[in-house]
Amino acid sequence: MAAARLRLLSAGLLSPAVSRARHSSSLQGLRALSTLSTTLGSGAGEDEIERIRREFEDAKRNYLSIPVAIKDMAKMNPQGIYVNKNVKLDDLQVYGFDYDYTLSHYSEHLQCLIYDLAKKHLVNELKYPESCLKYEYDHGFPIRGLYYDRLKGCLLKLDFFGSIEPDGCFFGRHKLSLSEIKELYGTRHIGRDQARQLVGLMDVFCFSEACLLADIVQHFVDARLEFDASYVYEDVNQSIQHVHRSGLIHRKILSEPQKYLIKNSQVFRFLKMLREKGKNLFLLTNSPFYFVDGGMSYLLEDEHFDGNSWRELFDVVIAQANKPTFYNSDHPFRVYDTQKDTLAFTAVDKFLPNEVYYHGCLKSFLQITKWRGPEVIYFGDHLLSDLRGPAKAGWRTAAVIRELEDEIEIQNGDSYRFQQAKLSIIHDLLGKVHATVVSTEKGQVYRALLDELNAERRQCRSAMRDLFNSSFGATFLTDTGRESSFAYHIHQYADIYTSKLENFLSYAPESWLHPPHDIKIMPHNAKVPASLFSGS
């Protein structure tokens, strides 16, 4: 309860070094919030509510006492491994890896490149207006885990339960208000029928796609041209796919690897450590081999191998695997000739050292390798294409989410925790108001007080959102404090998740990773605990 929380905040959690005068002032101000919730519970009249409103104003000036209470609160590790399901590392004998954004990571220049190439394809090949060329990729606009509504043309951020985030719905670059969302959808909750028209944008490559979708919609709106939102999606998606499948993006990256690829010697250390401990390693990627070979050669060119090639780190190398179809098809493996750029016609019934394989399927992979379920762990960045299939097949799964590190740093910061503590207080007070005054006449003075509390809550939520992304907020959380839909997919398909592979170097090989007993959804989302403000 707010009253009990605030009494301890003022009386028990202030540093001994704080002067008696400051302590007394903070105590008086924070007790005002306590008085607010208590008095409202007594059914006070308008005069009493007016007095409480003035006390609330005094209490707000004492928010400066909050940092004293939260300064010793434990912080989460930005380089930590976070666990949804128990994983005993000693039991893992086989480690599989995706390539893009798992073994390799890219600079922000890549999103601009994808955006520009797709934009030119829209204009030059699909005959979109040349005025579309004026748009530029906006690094500050998209986040991972958004949805595009093919019927209505909106970009949406959903929460864990499938409801639209009130400040996370854009039509083009126009953010829709709550009333506009309800007018368009009838409700914030997306039902099953509506969900069928949504397309998930789940990996980092989708950043440029989300931005281009919003910009093209905005172009039609500004030009006052009629358009079908489903056609916009089909055309933009076709252009994005063309950039990848045509090899445009691959050739451009390899022509300037120092611009697009980020070297990281720690990844090599991790792979080498696994080999030294007798683990089997395989690479399973949708990218063509020449692109992977060029990228890995550049990334590891400064490292010293026992052999002659990065391929000797892996027992099996599979390119152009066509995930997620790989996990449920019967497509055969083909041996790829790296010199002639051709595929062999002979059947593949075993994996040979130094060979490269194309296509294939999970069924054949398991028959050939005899690697089974829980002894295999697969690392990837795309929760649906990379991890959903392995999770259903009984493999252990690990999501590599680069932005996790930055978001934890923000959550550890004083600014975020200060706003979170304020929001916790306001939520308790609002709950008390709604619970105890429901049967009384809601007069103008009461409404004014309620509006002030709601305004304070909106200010807290806005301040917290802007610490992450001014358009959509945090990747893993909504402004209301609920986990996002993206967090739901992590919870569902990733046994463990972390920001980068080398974080495993900080854990002993025999470590037993298990989720904290007091965490219900996302282990890394630490919140200001209720005990911090509750009295003994």
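Predicted model only: the values in this text are computed from it and were never measured.
Under the ring-ring contact (aromatic ring centres under 6.0 Å, His included) criterion, Y106 pairs with Y101, sequence neighbours left out.
Proximity of a side-chain donor or acceptor of T478 to a complementary backbone N or O of S484 within less than 3.5 Å is not detected. A donor-acceptor pair under 3.5 Å is absent between the side-chain atoms of Y416 and the main chain of A463, judged by distance alone. Of the possible donor and acceptor atoms, none in the side chain of R396 sits under 3.5 Å from a partner among the backbone N and O of V376. With hydrogens and angles ignored, the 3.5 Å screen pairs a side-chain donor or acceptor of T397 with a backbone N or O of D495. Checking side-chain atoms of D293 against main-chain N and O of F289 turns up no donor-acceptor pair under 3.5 Å. Of the possible donor and acceptor atoms, one in the side chain of S329 sits under 3.5 Å from a partner among the backbone N and O of T325. Judged by distance alone, with hydrogens and angles left aside, the side-chain atoms of Q111 form a donor-acceptor pair with the main-chain N or O of V204 at under 3.5 Å. Listed for the S177 side chain is a donor-acceptor partner under 3.5 Å among the backbone atoms of E180. Side-chain N or O atoms of S255 include one that pairs as donor or acceptor with a backbone N or O of K252 at under 3.5 Å. Of the possible donor and acceptor atoms, none in the side chain of Y137 sits under 3.5 Å from a partner among the backbone N and O of L212.
For residues 157-179, the set of pairs meeting the salt bridge (charged side-chain N to carboxylate O under 4.0 Å, His left out) definition, not counting sequence neighbours, comprises D138-R173, D159-R482, D167-R465, R173-D215.
In this structure, the ring of H244 has its center less than 6.0 angstrom from the ring center of F205. Between F351 and Y357, the ring center distance clears the sub-6.0 Å criterion.
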> Would Y128 and D235 satisfy side chain to side chain donor-acceptor pair (under 3.5 Å), going step by step from the backbone distance to the final call?
Replying inline: CA-CA 10 Å; Y128 272 59; D235 291 342; 2.6 Å; yes

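Checking N286 against Q320 by side-chain atom types alone, no donor-acceptor pair falls below 3.5 Å. Between the side chains of D149 and Q197, at least one donor-acceptor pair of N or O atoms lies under 3.5 Å. With no hydrogens or angles considered, a side-chain donor-acceptor pair links R269 and Q266 at under 3.5 Å. Counted by atom type alone, D341 and Y336 present one or more donor-acceptor pairs between their side chains at under 3.5 Å. In this structure, a donor-acceptor pair under 3.5 Å is present between the side chains of Y147 and S485. In this structure, a donor-acceptor pair under 3.5 Å is present between the side chains of T475 and E407. Between the side chains of H250 and S287, not a single donor N or O lies within less than 3.5 Å of an accepting N or O.
Using a 4.5 Å heavy-atom threshold, the side chains of S265 and D302 count as separate. Side-chain contact between V292 and W310 is present, with heavy atoms from C-beta onward closer than 4.5 Å. Annotation: side chain of V317 is not in contact with side chain of T285 (no heavy-atom distance under 4.5 Å). Between F468 and D406, every side-chain heavy-atom pair lies at or beyond the 4.5 Å cut-off. Residues I401 and D381 fail the side-chain proximity criterion, which asks for heavy atoms closer than 4.5 Å. The closest side-chain heavy-atom distance from L248 to H242 is below 4.5 Å. With contacts defined as side-chain heavy-atom distances shorter than 4.5 Å, the pair L271/L103 qualifies. Looking only at side-chain heavy atoms (C-beta outward), H359 and I318 stay at 4.5 Å or farther from each other.
Using a 4.0 Å cut-off between charged side-chain N and carboxylate O, K323 and D98 make a salt bridge. Salt-bridge annotation for R417 and D414: absent, with no side-chain N of the basic residue lying under 4.0 Å from a carboxylate O of the acidic one. Between E403 and R144, at least one side-chain nitrogen of the basic residue sits less than 4.0 Å from a carboxylate oxygen of the acidic one, meeting the salt-bridge criterion.
Both tests hold for K152 against Y185: distance to the six-membered ring centre under 6.0 Å, angle to the ring axis within 45°.
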